[in-house]
Each structure stands twice: as structure tokens, then as C-alpha cells.
Amino acid sequence: MDAHEQPTPEQARASLEQITASRTAAAQATRRPAWIDLGMSTTAGATVGLGTAGHWVAAIAVLVVGSLVFAVALHRQARGRGQVLDQRAIGARALRFALLYAVLFVLGQVEAPPDWQPWYSLGVGLIAAVGGYAWLRWEDRYRVRRLAAGDYDRYDLL
């Protein structure tokens, strides 16, 4: 096509579809690896489980070591740093976190009888790990979806 020619509607539509596909592919490439989310949520689940069982020193040790390991892994595996931080994203993040936190808060308030241990602590730790993994993947999916759609203002992207 010459520089002075106008594209046909089909050519314009194809060009827009190609741009959309390219933006989606670029945003998908920035997704955080699932194994990092799995490791972080497993660390959180182990910390909650140990804390529920009353092993606070071990819980803090697991939290500190796991946080350091996965912070380094996340820094080395970082594919993209684009975070959408507008009021809608902050509100959605708060709502998702509140759902997980409410469940963990209620489970943490239950004083389990000694004959329920260690099963209660294992169950609470498993719920924390699965809920944490679901929360992290949901957060990442939301971020990628907003980036792929271009659904942000230029000053909302960090």
C-alpha cells in the first residue's frame, strides 16, 4: 500500500486485530511464573500451620527464610514490572485480600482442642496455602488482563 492510500475496512480491521493480539501476547509474557506463586503460598501456609500449632519460632524461621528465597527468585525471574495502580485496581486488590484474610482470621481465632492437633493446624495451613496461591494467581491474571486491554491511564502504570 502506498503512503497516500487509505486502507480498506478489512485491512484496518486486520491491523487492529494484529495490534490487539500483539498487546495480549506481550502482556501474557510478563506473567509471574506459577512455581514462584506456589512457593510463596506454600511458605505462607507452612507459617500459618506452624503458628496455629503454637510453634512460633519455627513459623517465624520458615517465614523469614521462605520470604528471602522467593524474593530473590522473584527478582531474578521478573519478566515485567508493570503494575496498574488506579482506584479500581486498589479496590479490587483490597476486596480479594479481604476475602482470604476473613477466612484465615476466623480459623486463627478458633482455639482447637489438643486432640484436634496436628490435623487442625495442617488443615489451616493447607487452606492458607491454597487460598494464597489462588489470590496470587488472581492478582497476576487481573494485572495481565488490564495491561492486555490497555485499560489504564498512562499515569496509573508503575
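- Relative to the ring axis of Trp135, Arg96 does not place its NZ or CZ within 45° and under 6.0 Å from the centre.
- Rounding to the nearest 0.5 Å places CZ of Arg32 at 5.0 Å from CE of Met40.
- Note: the hydrophobic cluster containing Val69 also contains Trp35 (ILVMFWY, side chain heavy atoms under 4.5 Å, direct or indirect links).
- Taken together through direct or relayed side-chain contacts under 4.5 Å among Ile, Leu, Val, Met, Phe, Trp and Tyr, Leu63 and Trp56 form parts of separate hydrophobic clusters.
- Applying the side-chain contact (heavy atoms from CB on, under 4.5 Å) test to Val64 and every residue at least two apart in sequence or in another chain returns Ile60, Leu68.
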Can you give each donor-acceptor pair under 3.5 Å made by side-chain atoms of residues 97-120, sequence neighbours left out, with the distance rounded to 0.1 Å?
residue	atom	partner	partner atom	Å
Gln117	OE1	Ser121	OG	2.6
Gln117	NE2	Ser121	OG	3.4
Tyr120	OH	Leu107	O	2.5

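- A continuous path of ILVMFWY side-chain contacts below 4.5 Å connects Leu136 to Leu74, so both sit in one hydrophobic cluster.
- Note: Ser41 OG to Leu126 CG = 10.0 Å, rounded to the nearest 0.5 Å.
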When the side chains of residues 42-50 are checked against the rest of the protein, which donor-acceptor pairs come out under 3.5 Å, sequence neighbours left out?
residue	atom	partner	partner atom	Å
Thr42	OG1	Leu38	O	2.7
Thr43	OG1	Gly39	O	2.9
Thr47	OG1	Thr43	O	2.8

